[in-house]
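One structure below.
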Amino acid sequence: MGKSERIKELVAILNEASKAYYQDAKEIMSNFEYDKLYDELVALEQETGMVLANSPTIHVGYEVVSELPKEQHEQPMLSLDKTKEMEALQSFLGNQEGLLSWKLDGLTVVLTYENGKLQKAVTRGNGQVGEVITNNARTFQNIPVSIPYEGTLILRGEAIISYTDFEKINQEIEDADAKYKNPRNLCSGSVRQLNSEVTAKRNVKFIAFALIQAGEVEFENSIEKQMQWLDGQGFETVETKRVSAETVGDAVGYFAEKVQNYDYPSDGLVLMYDDIAYGKSLGTTAKFPRNGIAFKWEDEQAETVLKEIEWSPSRTGLINPVAVFEPVELEGTTVSRASVHNVSIVEELELGIGDHIMVYKANMIIPQISENLTKSGMNPVPEHCPACGEHTEINNDHGVKTLFCANPECPAKHVKRFALFGSRDGMNIEGLSEETIQKFIEKGYLHEFADFYHLDRYREEIVTTAGFGEKSFDNLQAAIEKSRKVPMHAFLYSLGIPNIGSANAKLICKAFQYDMDKIKKATVEQLIEIDGIGNIMAEKFCEYFKDEKRLDELEHLLNEVTFEKQQEQSEVQSMEGLTFVITGSVEQFPNRKAVKEYIEQRGGKVTGSVTSKTDYLINNDATSGSSKNKKAKELGVSIITEDEFLKMW
């Protein structure tokens, strides 16, 4: 194994160990072993001059800027000519040899190194002028911030987010409407952030695909040699295959098969002459350089029949048209739906029920309608919102027509409220996802919270909904029925009253003796007497219960639920007035939530961060270097183990 490969391996091993230790509270190697590998990495970095951006030996200083400065490229960045024909690739090569590689679908970035250090990173922009993103680039997961070569190096590559990381980031976003549409959009937004700390969290990677300048280095007139040299400098380079006119077909077949499970977004391939001088001698056209050509994937198409157009309301008020058609196989999967994006496209395609349409997967991923073969005439645009029944409006923005719901109280605009209602700390309706809520609202099944308890009215429709069946519906119904009996504090939290979290809901219920009538009639003066309830919180709480519509909905909901009888407080309030923070793994309790409940039952308070008001930090590893431990030591806060905690109380 070469030294650069060993550096990459050590960085991956040490970062995995750090994540396990600091984030997951577990050890996958001893401190001795970690230190040994760390010292080996330091020695290799000093010997080679190669330091990766995610190396544990460096710490990135994040920067926030008001805007990204613009900069003109020294050489215009032209796009390649494109083809979908194999014959065009063979004709392009002639008797030359070339390099076939992925055409990655991210954001092109130009890097400049001086004296072995990253000096500048600029986006492609419009090809003439790009945006300077140097501090953001320093946070890319695999970019070298130091390299062995000390001359001026300029190279191009693609900033990219893998499908794996894209899915992870989207899974952390509860709001279905706020999820990112594809990795390219997420990458573009991440790279061009004004706060480099945001970029760092997105796991952006840099894949080098072209060397522009590296004086006094001998590449033997070969792009392939350039890529090998860049790899030796610590860059991750794009996968390539050396081809001739006779072998290019097999190489395309290799990439076409691999793209099905390839983790980086790719919208085709790039073919470049390996002979650098020959490629330069051909010059450029007005639009394209002649030394390369892009091969776009041939989109597989299928004919099918349009069954209906669903108009899908969203949190923004936009009502999106979705074509539902007879299922067809495309790129190895079955598809039956495609977004039509807006009213203008529905009109242009002249869509009507029963029309024969051609569908495809754009870039082999996103189902789209390419053509309407019969054009019977568009469906009428709905005059009423499917979610709330109020009148719709058509907006015309620069010739693009979109449909909107003008009702500010439309349930589709409040998916988050419905999701919070069913959350674990609220009514605890297991298996209720935000996507499911969105579907139910779009279909008109949910208008207010009490409607959850009458979904059985729509059983026949729900069990035939995509992603649902008899078993799914029965499981959801069982969870809803179980939620009818609920602790009062969980019910209060589930209403989504501004600033009222689970802990504050408990305080309020306790202060008003678990009497819902008293809680509804609470005054600001009464509320601010409760420790932990401030003036703004109290005002928002009272405003909620003055809203007539909210009160009507609350009465409907109260008819559906009963409150668990509050057990008399048998525990001595031995922790009253004390504030705790819990960190790390626990051994005597099932989880940290159980420790929190134990403390609250005895009058104590649990917060998420260590401050001067914290009395005790509970941590079974009192010697760890975690941020909470460090803060506790700085402030003189006592750090105690679970055993010590249980002995004290």
Side-chain angles (χ1 to χ4, degrees), residues 2 4-5 73-83 86 88-106 108-113 124 127 142-144 147-149 151-160 205-252 254-255 258 264 266-285 287-296:
S4 63
E5 287 77 15
H73 296 295
E74 291 185 17
Q75 300 175 13
M77 295 177 64
L78 302 177
S79 299
L80 293 174
D81 198 2
K82 300 175 181 63
T83 184
M86 182 66 64
L89 297 184
Q90 294 168 332
S91 174
F92 172 83
L93 284 167
N95 61 0
Q96 289 286 322
E97 289 195 331
L99 288 182
L100 189 67
S101 62
W102 295 110
K103 184 175 182 296
L104 297 171
D105 193 18
T108 299
V109 175
V110 183
L111 302 182
T112 301
Y113 287 76
R124 181 185 187 280
N142 62 339
I143 201 171
I147 60 173
Y149 177 68
T152 299
L153 168 63
I154 303 174
L155 71 155
R156 291 176 189 160
E158 201 79 354
I160 203 159
K205 292 185 178 178
F206 177 84
I207 312 296
F209 61 69
L211 190 153
I212 308 303
Q213 178 184 333
E216 300 181 3
V217 180
E218 178 54 56
F219 298 115
E220 301 173 30
N221 194 40
S222 167
I223 289 180
E224 187 174 31
K225 297 287 186 184
Q226 289 182 333
M227 303 309 289
Q228 291 169 352
W229 182 82
L230 285 173
D231 188 67
Q233 296 295 312
F235 295 96
E236 184 174 346
T237 55
V238 67
E239 181 183 8
T240 61
K241 280 195 171 293
R242 191 176 187 90
V243 295
S244 64
E246 290 74 31
T247 62
V248 69
D250 291 338
V252 169
Y254 162 82
F255 283 109
K258 188 170 181 179
Y264 292 146
S266 166
D267 55 356
L269 303 171
V270 171
L271 180 60
M272 303 288 294
Y273 294 119
D274 183 55
D275 187 321
I276 297 172
Y278 176 76
K280 284 184 177 177
S281 72
L282 300 175
T284 66
T285 68
K287 291 184 176 181
F288 311 115
R290 291 194 174 100
N291 66 336
I293 188 171
F295 178 79
K296 301 287 284 184

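Numbers for residues simply follow the sequence, beginning at 1.
- Here the side chains of W102 and I207 are not in contact, with every heavy-atom distance at 4.5 Å or above.
- Annotation: side chain of K103 is not in contact with side chain of E158 (no heavy-atom distance under 4.5 Å).
- Between the side chains of E239 and Y254, at least one donor N or O lies within less than 3.5 Å of an accepting N or O.
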Given side chain to side chain contact (heavy atoms under 4.5 Å, CB included), test Q228 with T240 step by step and report yes or no. CA-CA 10 Å; Q228 291 169 352; T240 61; over 6 Å; no
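- Contact between Y273 and R290 at its shortest, heavy atoms only, is CE1-O, 3.6 Å.
- Counting all heavy atoms, side chain and backbone alike, P144 lies closest to I147 at CB-CG2, 3.7 Å.
- Checking V243, V252, L269 one by one against L89, the side-chain contact (heavy atoms from CB on, under 4.5 Å) holds for a single residue, V252.
- Between the side chain of Q233 and the main chain of Y149, a donor-acceptor pair closer than 3.5 Å is present.
- Atom NZ of K225 and atom CG of L230 lie 14.0 Å apart (nearest 0.5 Å).
- In terms of modelled atom types and a separation under 3.5 Å, the side chain of S91 and the main chain of A88 share no donor-acceptor contact.
- Interatomic distance, CZ of F209 versus CG of L104, reported as 8.0 Å (0.5 Å rounding).
- For L100 against A251, the heavy-atom pair with the smallest separation is CD2-CB, 3.7 Å.
- Ring to ring, F92 and F295 are not that close: their centroids are 6.0 angstrom or more apart.
- Residues D231 and S4 share a closest heavy-atom pair of O-OG, 4.3 Å.
- Using a 4.5 Å heavy-atom threshold, the side chains of K280 and N291 count as separate.
- With a 4.5 Å cut-off on side-chain heavy atoms, F255 and S266 do not count as touching.
- At a threshold of 4.0 Å, the pair E236-K205 does not count as salt-bridged, since none of the basic side-chain nitrogens sits closer than that to a carboxylate oxygen.
- Counting heavy atoms from C-beta on, the side chains of K241 and L99 never come closer than 4.5 Å.
- The distance from atom NZ of K82 to atom CZ of F288, rounded to the nearest 0.5 Å, is 6.0 Å.
- Remark: side-chain polar atoms of R124 are not paired, donor with acceptor, to backbone N or O of T108 under 3.5 angstrom.
- At a cut-off of 3.5 Å, with distance as the only test, no side-chain donor of E220 or S222 sits close to an acceptor on the other residue.
- D81 contributes atom CG, which lies 5.5 Å from atom CD1 of I293 (distance to the nearest 0.5 angstrom).
- Residues P289 and T284 share a closest heavy-atom pair of CA-CG2, 3.6 Å.
- Each of T237, V238, I223 was checked for a side-chain contact (heavy atoms from CB on, under 4.5 Å) with S101, and the lone residue meeting it is V238.
- No side-chain heavy atom of V217 sits less than 4.5 Å from a side-chain heavy atom of L211.
- Interatomic distance, E246 CD to L93 CG, rounded to the nearest 0.5 Å: 9.0 Å.
- Side chains of K296 and D267 form a contact here, defined as non-hydrogen atoms less than 4.5 Å apart.
- Put simply, CG on D105 and OH on Y264 are 14.0 Å apart, with the number rounded to the nearest 0.5 Å.
- No donor-acceptor pair under 3.5 Å is formed between the side chain of D274 and the backbone N or O of R242.
- Here the side chains of V110 and M77 are in contact, with some heavy-atom distance below 4.5 Å.
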